[in-house]
Amino acid sequence: MKIAPSILSGDFAYFGEAVKQAEQGGADYIHVDVMDGHFVPNITIGPSTVSAIKKYTSLPLDVHLMITNPDQYIDRFIDAGADILTIHVEAPNHLHRSLRMIKDRNILSGIALNPATPLCTIDHILPDIDLLLIMTVNPGFGGQSFIPQMIEKISLAKAKIEDATNDIILQVDGGIHKGNIGQMAKLGVDVCVAGSAVYDSGDVKQAIDMLKYNSR
C-alpha cells in the first residue's frame, strides 16, 4: 500500500514544511488537491503553488484537479511539476481529448469519480487511464467520513482494472484512517490518500507508519 498525504490538511502557511514532513515520514506521493469553487464548494491553490511545492520534494506530485474546465489548465499544472494529473469524469466536455492532452505530455493520467458517478462512465476510456481515483467522500472539504457504499464500488473498480489491457493504479481518497485502511488493502487498493489522518495526528511520521502497518 502506498500513502499519498494530502498537503491541504497541513498548515497553509508552511506548505514546504508539510511536504518535507511527509517525505521524511515515508510518504510515497504528495497529493495536491486543486479546487475552483465551482466544481466543488471550496477554493484552494493554483499552478504557482504547485511549482513552489515541487522545490521541496523529490516525491511524485499527485495533482487532483477538482475544477470545471480542466483543459484550460492541464499544460499549466504539468509545467508546474505535476507527475500525475487526475481530472474528474464529470468535468470536461470531451474526456478522451482531455486524457490525451495529459498523456501527450508524458506523465500519468488519472480519472476521478465522485461517489454517485457509476463506473460505466469510464468503460470506453480505460486504455487512456493510468490511475483510477474512487472518491469515498463528496469532494470539497477534508475531515469527512468514509461513505460505506463505496466498498462495493471499490471492489467493482478493482475487477474492472484487472480486466483492462493496460496497467491502472487504483487510488481511494476520503475518510481514510488506520481503522479502515486494512480493508482498502484487502480490496486491492494500490494508493490511499490521507489528509486529516496524517496532518491532524501531531506526528506525521508516526501516522504514516501506522497507516502502512495497518494496511499489511
Side-chain angles (χ1 to χ4, degrees), residues 1-6 27-35 39-40 59-67 70-71 74 77-78 82-140 144 146-176 180-195 211 215:
M1 174 70 70
K2 293 185 176 180
I3 305 298
S6 175
D28 299 285
Y29 303 155
I30 299 296
H31 190 81
V32 184
D33 289 312
V34 177
M35 308 179 194
F39 185 73
V40 293
L59 292 178
L61 289 189
D62 173 24
V63 179
H64 177 194
L65 299 186
M66 289 173 270
I67 62 178
D71 289 8
I74 284 171
F77 278 103
I78 294 174
D83 298 287
I84 306 168
L85 194 62
T86 298
I87 59 177
H88 271 259
V89 70
E90 305 90 357
N93 292 322
H94 304 286
L95 186 58
H96 177 265
R97 181 171 65 192
S98 301
L99 288 169
R100 292 311 314 174
M101 288 175 65
I102 298 171
K103 292 188 73 68
D104 287 347
R105 292 293 306 273
N106 296 313
I107 70 165
L108 297 184
S109 62
I111 280 292
L113 279 74
N114 284 337
T117 302
L119 282 167
C120 63
T121 55
I122 64 169
D123 283 349
H124 301 293
I125 54 169
L126 280 174
D128 296 293
I129 299 174
D130 298 304
L131 181 147
L132 173 60
L133 169 55
I134 303 297
M135 293 300 301
T136 46
V137 299
N138 291 297
Q144 300 183 66
F146 185 97
I147 299 173
Q149 298 95 308
M150 294 303 101
I151 295 294
E152 180 183 10
K153 189 175 185 180
I154 294 167
S155 180
L156 293 172
K158 186 64 177 181
K160 189 178 290 288
I161 285 173
E162 289 177 342
D163 288 339
T165 57
N166 53 309
D167 293 330
I168 301 174
I169 298 165
L170 179 57
Q171 184 180 74
V172 298
D173 182 359
I176 300 300
N180 61 15
I181 196 168
Q183 188 173 20
M184 298 302 101
K186 289 178 181 178
L187 290 168
V189 174
D190 301 302
V191 182
C192 278
V193 177
L211 287 169
S215 70

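Numbers here simply count residues along the sequence, with the first being 1. Predicted model only: the values in this text are computed from it and were never measured.
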Self-check item: Derivation of the side-chain contact (heavy atoms from CB on, under 4.5 Å) call for I154 and T136
Solution: CA-CA 9 Å; I154 294 167; T136 46; 3.9 Å; yes
Exercise. State, without any angle test, whether D62 and H64 hold a side-chain donor-acceptor pair at a distance under 3.5 Å.
Key: no
Practice problem: Flag the pair R97 / D71 as yes when at least one side-chain heavy-atom distance between them is below 4.5 Å, and no otherwise. | Solution: yes
Quiz item: Ignoring hydrogens and geometry, is there a side-chain-to-backbone donor-acceptor pair from S109 to D128 under 3.5 Å?
Solution: yes
Quiz item: Got K160 and D123 here, is their nearest side-chain heavy-atom distance under 4.5 Å?
Solution: yes
Quiz item: Between CG of L132 and CD1 of I111, what distance do you get to the nearest 0.5 Å?
Solution: 8.5 Å
Quiz item: Is there a side-chain contact between I107 and L85, using heavy atoms and a 4.5 Å cut-off?
Solution: yes
Quiz item: Which residues pass the salt bridge (charged side-chain N to carboxylate O under 4.0 Å, His left out) test with R105, sequence neighbours left out?
Solution: D75, D79
Quiz item: Roughly how far, to the nearest 0.5 Å, is CD1 of I125 from CZ of R100?
Solution: 12.0 Å
Quiz item: Which heavy atom in V63 sits nearest to a heavy atom in A82, and how many Å separate them?
Solution: CG2-CB, 3.6 Å
Self-check item: P115 side chain near Q149 side chain, heavy-atom distance below 4.5 Å
Solution: no
Quiz item: Are any side-chain N or O atoms of N138 and backbone N or O atoms of Q144, one a donor and one an acceptor, separated by less than 3.5 Å?
Solution: no
Practice problem: Check whether any side-chain N or O of D173 sits under 3.5 Å from a backbone N or O of M135 as a donor-acceptor pair, and report yes or no. | Solution: no
Practice problem: Begin from the C-alpha positions of I181 and I3 and carry the test side-chain contact (heavy atoms from CB on, under 4.5 Å) through to its verdict. | Solution: CA-CA 10 Å; I181 196 168; I3 305 298; 3.6 Å; yes
Quiz item: How close do I67 and A91 get, heavy atom to heavy atom, and via which atoms?
Solution: O-CB, 3.4 Å
Self-check item: Shortest non-hydrogen contact from P139 toward H88
Solution: CG-CE1, 4.5 Å
Quiz prompt | Nearest heavy-atom neighbours spanning V191 and A4 | solution = CG1-CB, 4.0 Å
Quiz item: Within a strict 4.5 Å, meaning less than it, do heavy atoms of the L187 and L170 side chains meet?
Solution: no
Exercise. Kindly compute the distance separating CG (L126) from CG (D163), expressed to the nearest 0.5 Å.
Key: 9.5 Å
Quiz item: Say you draw a straight line from CZ of F77 to CD1 of I102; how long is it, rounded to the nearest 0.5 Å?
Solution: 11.5 Å
Self-check item: Shortest non-hydrogen contact from A185 toward S215
Solution: CB-O, 3.2 Å
Quiz item: Side chains of F146 and M184: closer than 4.5 Å at any heavy-atom pair?
Solution: yes
Quiz prompt | Side-chain (E90) to main-chain (T117) donor-acceptor, under 3.5 angstrom | solution = no
Self-check item: D190 side chain near K2 side chain, heavy-atom distance below 4.5 Å
Solution: no
Quiz item: Is V193 close to Y29 at the side-chain level, that is, under 4.5 Å between some pair of heavy atoms?
Solution: no
Self-check item: N166 CG to D130 CG distance, which is reported to the nearest 0.5 Å
Solution: 7.5 Å
Exercise. Test side-chain contact (heavy atoms from CB on, under 4.5 Å) on L131 and L108 and set out the steps.
Key: CA-CA 7 Å; L131 181 147; L108 297 184; 5.8 Å; no
Self-check item: Heavy-atom pair with the smallest gap, counting every atom of G175 and N180
Solution: O-ND2, 2.9 Å
Quiz item: Roughly how far, to the nearest 0.5 Å, is the CG atom of D33 from the OG1 atom of T86?
Solution: 10.0 Å
